[in-house]
Amino acid sequence: MTAMPDKQISELKVLISENDISKKVKNLAENIEKVFPENEEIYVICVLKGSVMFCVDLVKHFSHNIQMEFIRISSYGHETKSTNNLQAIDLTLPNLHNKNVLIVEDIIDTGLTARFLTDLFKIKHSPKQLIFVSLLNKKCARQVDIEPDFYGFEIDDKFVVGYGLDYKGFYRNLPYIGYFPDSKSSEKIS
Ligand code: IMP
C-alpha cells in the first residue's frame with residue numbers, strides 16, 4: 001500500500017507564494033552572476049533532493065556557460081534532527097580545481113550541512129571561487145557560525161515544505177513554500 005503523509009495539505013499555510021519565489025530567483029541569479037568573471041563557465045552544484053526546483057529555475061536566468069552537477073548529502077543512522085555525522089553520497093564530480101563553483105541549497109537551518117559542504121569543496125577541490133546560495137535562511141536555528149553568500153528569504157523557526165522541500169518525502173512538488181502551523185523546525189526528517 002502507498003504511504004500517505006501524516007500531515008494533510010489542507011493544514012498547510014502559504015509562507016512564500018509562487019510569484020514571490022519566481023521574482024526572488026531571478027533577482028538572485030542576476031546578483032550571483034555578477035560575482036563570476038564574464039566568459040568563464042560556472043559549475044553549478046545542485047544539492048539533492050531539496051534544492052532541485054530552486055536550482056533548475058535559477059540556472060534558467062544565467063547567461064554564463066554552465067555545467068550542472070548533482071550531489072546528495074546524508075546523515076549516518078536514522079536521525080530526526082540535524083547531526084554532525086554528515087557524508088556525501090553520489091558524489092561523482094569532475095575536477096573542480098581552479099573552477100568557478102556555485103553550491104545551490106534549499107535551506108540553511110542549523111548550518112551543519114552548509115559547513116560540511118563548504119569545507120568539503122574547499123579542501124577537496126580548491127576551486128578558484130566558491131559561492132554558496134540558499135533559497136531560505138533560518139538564521140534563528142543556527143548551530144554553527146556560517147552564512148551563505150546569497151540567500152532568498154530569511155524565515156522563522158518553522159518547518160517548511162514545497163518547492164523542493166519535503167516532509168517525509170512528500171510535498172516537494174508544491175510551487176510555493178508552505179508550513180504546518182503547529183510544526184517547529186526540530187521536526188525535520190531527512
Ligand atoms: P542544516 O544542516 O540543519 O542546515 O539542514 C539542512 C537540510 O535540512 C536542508 O538541506 C533540508 O534538506 C533540511 N531542512 C532543514 N529545515 C527544513 C525544513 O524546514 N523543511 C524541510 N527540510 C528542512
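Indexing begins at 1, ligand by ligand and atom by atom, following the structure's order. Hydrogens, waters and symmetry mates play no part in the numbers below; they use all other heavy atoms, side chains included.
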Can you confirm, on distance only, whether ligand 1 has an N/O atom lying under 3.5 Å from any N/O atom belonging to [X]?
X: G111; result: yes
X: D166; result: no
X: L165; result: no

Is D119 paired with R115 through a side-chain N to carboxylate O contact shorter than 4.0 Å?
yes
ask   = Do E40 and K99 sit within salt-bridge range, that is, some charged N less than 4.0 Å from a carboxylate O?
value = no
In this structure, would V104 and I21 fall into the same cluster of hydrophobic residues linked by side-chain contacts under 4.5 Å? yes
*Is there a donor-acceptor contact under 3.5 Å from the side chain of T118 to the main chain of A114?*
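It does hold such a pair.
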Handout entry: Qualifying salt bridge (Lys or Arg N to Asp or Glu O under 4.0 Å) pairs, either residue in residues 51-61, two or more places apart
Key =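 As it turns out, the salt bridge (Lys or Arg N to Asp or Glu O under 4.0 Å) pairs with a partner in residues 51-61, which skip direct neighbours, are D57-K60.
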Show which atoms of ligand 1 fall inside a sub-4.0 Å distance from at least one heavy-atom site of K158.
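The atoms of ligand 1 under 4.0 Å from a heavy atom of K158 are 19 (O).
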Note: ligand 1 atoms sitting under 4.0 Å from heavy atoms of E105 are 10 (O)
Inset, instruction - Please list, chain by chain and in numerical order, all residues satisfying side chain to side chain donor-acceptor pair (under 3.5 Å) with E30, sequence neighbours excluded. - result: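 If we apply the side chain to side chain donor-acceptor pair (under 3.5 Å) test to E30, skipping adjacent residues, the hits are K26.
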Contact region, K138 to ligand 1, non-hydrogen atoms below 4.0 Å, reads side chain
Practice problem: Work out whether the distance between some heavy atom of R115 and some atom of ligand 1 is less than 4.0 Å. | Solution: no
